[in-house]
Amino acid sequence: QVQLVESGGGLVQPGGSLRLSCAASGVDFSRYTVGWYRQGPGKQRERVALHRGGSVDYVDSVKGRFTISRDNAKNTVYLQMNSLKPEDTAVYYCAVAGTNYWGKGILVTVSS
């Protein structure tokens with residue numbers, strides 16, 4: 001049984017930082033492209049970042065502020081989020097690209 005569990009979300013002030021983690025069981029992350037997605041209030045879900053193993057990719061709105069990384073030994077993917085803005089407020093999900101393997105999501109709220 002595959003499980004992806006996100007952690008590290010919460011409330012942060014604008015300009016602050018958070019690091020999200022996604023720990024997987026039942027699937028070997030090292031064999032797949034993994035990513036972070038988000039869905040803000042009243043918005044469609046969007047892809048935030050992908051880690052293909054040898055390369056990474058970001059949506060334009062987070063370039064220079066967010067960093068995706070992975071630790072294959074821990075079967076975990078991370079999203080370091082710096083210089084957070086109110087528009088980054090969303091439920092963040094990790095997923096294995098091209099599969100139905102998704103976490104349940106974690107809320108990030110950026111507000112003063």
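Numbers here are sequence positions counted from 1.
A donor-acceptor contact shorter than 3.5 Å is absent between the side chain of Y32 and the backbone of A95. The main-chain N or O of K74 is found under 3.5 Å from a side-chain atom of D71 such that the two form a donor-acceptor pair. Remark: the backbone N or O of A24 is paired with a side-chain donor or acceptor of N75 at under 3.5 angstrom. For the pair E6 (side chain) and G105 (backbone), a donor-acceptor distance under 3.5 Å is present.
Cluster membership check: I68 shares its hydrophobic cluster with V62, using side-chain heavy-atom separations under 4.5 Å among Ile, Leu, Val, Met, Phe, Trp and Tyr. When hydrophobic clusters are built by joining Ile, Leu, Val, Met, Phe, Trp and Tyr residues whose side-chain heavy atoms come closer than 4.5 Å, directly or via intermediates, V59 is grouped together with V77.
Residues passing the side chain to side chain contact (heavy atoms under 4.5 Å, CB included) test with V2 are L4, V27, Y101, sequence neighbours excluded.
Scanning all heavy atoms of the two residues, the minimum distance from G35 to L50 falls at CA-CD2, 3.8 Å. Here the closest non-hydrogen pair linking K63 and Y58 is CE-O, 3.2 Å. For the pair S112 and P14, the tightest heavy-atom approach, listed with the atom from each and the gap, is N-CD, 3.7 Å. Nearest heavy-atom pair across I106 and G8 is CD1-N, 3.6 Å.
Comment: R31 does not engage D28 in a salt bridge, judged by the lack of any side-chain N to carboxylate O separation of less than 4.0 angstrom.
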Trace of the side-chain contact (heavy atoms from CB on, under 4.5 Å) decision for H51 with T33: CA-CA 6 Å; H51 198 304; T33 294; over 6 Å; no

Derivation of the side-chain contact (heavy atoms from CB on, under 4.5 Å) call for Y92 and Q39: CA-CA 7 Å; Y92 285 73; Q39 186 165 16; over 6 Å; no

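One distance of note links OH of Y78 with CH2 of W36; it measures 10.5 Å at 0.5 Å rounding. How far OG of S17 is from CD of Q80: 5.5 Å, rounded to the nearest 0.5 Å. Separation of atoms CZ (R38) and CD (E46) is listed at 4.5 Å; rounding is to 0.5 Å. A distance of 7.5 Å separates CG of D88 from CE of M81, quoted to the nearest 0.5 Å. Annotation: the span from F29 atom CZ to N72 atom CG amounts to 9.5 Å, rounded to 0.5 Å. Atom CG of residue L107 and atom OG1 of residue T89 lie 7.5 Å apart, to the nearest 0.5 angstrom.
The shortest distance between side-chain heavy atoms of V5 and K104 does not fall below 4.5 Å. No side-chain heavy atom of F66 sits less than 4.5 Å from a side-chain heavy atom of N82. Residues T109 and V12 have side chains not in contact (no heavy-atom distance under 4.5 Å, counting atoms from C-beta outward).
Taking the six-membered ring where the residue is Trp, W102 and Y37 present tilted rings, their angle falling between 30° and 60°.
Checking L18, L79, L11 one by one against V108, the side-chain contact (heavy atoms from CB on, under 4.5 Å) holds for a single residue, L18.
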